[in-house]
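Before any comments, here is the structure.
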Amino acid sequence: MKTRGAVLTAVGGPLEIVELELDPPGPGELLVRVHATGLCHSDLSVIDGSRIRPLPMVLGHEAAGEVVEAGPNAEFAPGDHVVLSFVPACGACRRCASGRQALCEPGAAANRDGTLLSGQRRWTLPDGTRPHHHLGVSGFAEYTVISDRSATLVPKDLPLDIAALFGCAVLTGAGAAFYSAEVKPGDRVAVFGLGGVGLAAVLAAVTAGATQVVAVDVVEHKRKLALRLGATHEAAGGPDVVAHVRDLTGGGADKVIDTTGVAAVLEQAYAATAVGGTTVTVGLPHPDRTVSLPALNLVAEERTLKGSYLGSCVPRRDVPRFVDLYRAGRLPVDGLLSGRLGLDEINDGFAKLASGEAVRQVVVME
């Protein structure tokens, strides 16, 4: 079938909206009519070359839509509404078997190679070129083919533009707070970086019962939004932020979550963490970047520094949990949504994301 999609052909962009030929789903795969896909810094990092991916590629990894066709042995049926997540967990490898599906080895290999979990590609450009898939989703297209391992069933009355946010921003941010940082009632929490992921972490920290939630960003309107979403304090990013956070939290936050993907900010997040505390890093820095941390206090202060990918979540367990919290009014995810765009407006949307003007925009397919 033919469908329109946003294709990155060269680092730096722009994305080109082109007509693609899309092959039917193979075994264990689904043809999905995409309703909405979020614009995320993980897409932007591919556009600007911070994350090296094979090109050309149909971008987009935070999406929701409706199953149109199911291939042989697929777990879903036409008409199902699904959230798509960016790790197609095989369910059988060593990592999946231990409950760490975000670290699925075949899923990671497929994502690195720009294929579906099967190792196949389903796109063709008019000149015969076979574009790659982005993280098994390629949600910036009217229709896409995915592995059914990328999909999680959601209620049909959940608006799909909101549902899309659960595929990355909510899983990554809320999961980092609930699972990776293990925020508990009474904890003092700081979140560095207030994009969609960081604000989802703020929401989850509030839901988990944190006494203080300090929202840190260089952009003032993002800090004000975090306060409206439940943060108790704000702090402007910059050279004085460590002292400010430590002062606000009485010596450092028990749990600090860094979502920026900036090595220097991770160093600040670690410095703002209390004795005995945990620093969780979520953002994806350029692969050449390194951090420098004082080694002594890892031992003498019993510090923990840990990474969090996909919020350490299991999508088919956690998307329904987080949706239930949203529907109960305890995780107001809709507060993250800063705009809706058409597919033809996608480059303007990424410009707003890069400038800090927007938090979480979604492309809505008509």
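Scope of the values below: all heavy atoms of this structure, side chains included, with no hydrogens, waters or symmetry mates.
Linking ILVMFWY side-chain heavy atoms closer than 4.5 Å, directly or via other members, places V87 and F166 in a single hydrophobic cluster. Linking Ile, Leu, Val, Met, Phe, Trp and Tyr residues whenever their side-chain heavy atoms come within less than 4.5 Å places V83 and I162 in a single cluster. V183 and L203 fall within the same hydrophobic cluster, where Ile, Leu, Val, Met, Phe, Trp and Tyr residues are linked whenever their side-chain heavy atoms come under 4.5 Å apart, directly or through other members.
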Check against salt bridge (charged side-chain N to carboxylate O under 4.0 Å, His left out), R321 and D324: CA-CA 5 Å; R321 286 181 179 180; D324 285 346; over 6 Å; no
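Around CD of E220, the count of heavy atoms belonging to other residues, nucleotides or ligands within 6.0 Å does not exceed 12.
Within the 3.5 Å criterion, the main-chain N or O of V314 finds a donor-acceptor partner in the side chain of D318. No side-chain donor-acceptor contact under 3.5 Å links E267 to the backbone of V291. In terms of modelled atom types and a separation under 3.5 Å, the side chain of R33 and the main chain of Y143 share no donor-acceptor contact.
For D127, the side-chain contact (heavy atoms from CB on, under 4.5 Å) partners at least two apart in sequence or on another chain are L125, T129.
Between F192 and Y270, a ring centre-to-centre spacing not shorter than 6.0 Å is recorded.
For the pair R317 and Y179, the distance from NZ or CZ to the six-membered ring centre is under 6.0 Å and the angle to the ring normal is within 45 degrees.
Grouped by direct or indirect side-chain proximity (heavy atoms under 4.5 Å, Ile/Leu/Val/Met/Phe/Trp/Tyr only), V32 sits with L30, V67, F76, V82, L84, V137, I146, L153. If you chain together ILVMFWY residues whose side-chain heavy atoms come under 4.5 Å of each other, V219 ends up grouped with V218.
Counting heavy atoms from C-beta on, the side chains of E62 and L165 come closer than 4.5 Å.
The pair E75-R149 meets the salt-bridge criterion, with a side-chain N (NZ, NE, NH1 or NH2) lying under 4.0 Å from an Asp/Glu carboxylate O.
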